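Atoms within a ligand are numbered from 1 in the order they appear, just like the ligands themselves. A quick note: this is a predicted structure, and the numbers were derived from the prediction, not measured.
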Amino acid sequence: MNVVCYPSEILSRPTPRIEKFDPGLRDLARRMFEIMYEANGVGLAGPQAGLSLRICVMNCDPDHKPEAELVMINPEILELSGNEVGEEGCLSFPGIFIEVSRAQHVKVRFQDLDGQVHTLEAEGLPARAVQHEVDHLNGSLLIHKMSMVQRLAHRRALKMLELRRPAEAEAPKAAEVEEPKPKRRRSS
Ligand code: CO
């Protein structure tokens with residue numbers, strides 16, 4: 001299964017909370033991890049898997065160690081502090097990376113697959129990923145973070161995405177992307 005890409009309408013829709021914690025939810029999270037790993041991402045939100053549900057999965061470990069897997073259901077950001085500009089990509093915007101200003105530190109409350117409530121504090125990449133995924137669940141996307149200059153710089157890649165039919169939902173070829181090859185860039 002491919003990641004749902006911009007400009008698919010489902011990505012802009014705020015997701016409803018999950019109220020039922022049944023075994024199907026576990027299967028769904030597993031499938032989301034598989035899609036995320038296949039796309040080499042650090043996070044994936046429900047709408048990117050075609051499901052308008054308030055769930056996201058993350059794994060910020062560089063080797064994707066299973067113990068670093070995190071499933072967040074109904075996440076809610078409690079606190080944001082500090083500020084850090086960093087490069088960010090999104091699996092729904094293949095080939096596009098922009099500098100985004102985010103809080104450096106985040107405190108988030110979420111439920112796990114059993115419905116248990118947890119609070120997590122994160123910094124750096126995991127904090128960025130949490131903010132990115134919660135944005136997804138609210139229907140807010142990387143394009144909404146773009147300045148006019150960034151939109152102009154990526155207008156070709158955005159146009160390519162807009163022109164693609166859903167059936168062609170695979171990453172654009174390198175030649176279609178205007179920027180140089182990244183060192184190690186990760187999207188979520
Ligand atoms: Co994303």
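- The salt bridge (charged side-chain N to carboxylate O under 4.0 Å, His left out) search around Glu9 returns Arg13, not counting sequence neighbours.
- Around the Co ion (ligand 1), the protein N, O or S atoms found under 2.8 Å comprise Cys90 SG, His132 NE2, His136 NE2, Ser188 O.
- Taking the side chain as every heavy atom from C-beta outward, Ser101 and Asn83 approach each other to under 4.5 Å.
- Between Glu84 and Arg102 there is no salt bridge, since none of the side-chain N atoms of the basic residue sits less than 4.0 Å from a carboxylate O of the acidic one.
- Remark: of the listed residues Gln104, Lys107, Gln131, Gln131 is the sole one forming a side chain to side chain contact (heavy atoms under 4.5 Å, CB included) with Leu80.
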Output a table of donor-acceptor pairs, distance under 3.5 Å, between side-chain atoms of residues 113-123 and any protein atom two or more places apart or on a different chain; print 'none' if there are none.
residue : atom : partner : partner atom : Å
Asp114  : OD1  : Arg26   : NH2          : 2.9
His118  : NE2  : Asp112  : OD2          : 2.7
Glu121  : OE1  : His105  : NE2          : 3.0

Please tabulate, one pair per line, all N/O donor-acceptor pairs under 3.5 Å involving side-chain atoms of residues 30-38, not counting sequence neighbours.
residue : atom : partner : partner atom : Å
Arg30   : NH1  : Glu69   : OE1          : 3.0
Arg30   : NH2  : Glu69   : OE2          : 3.1
Tyr37   : OH   : Asn59   : ND2          : 2.9
Tyr37   : OH   : Glu69   : OE2          : 2.6

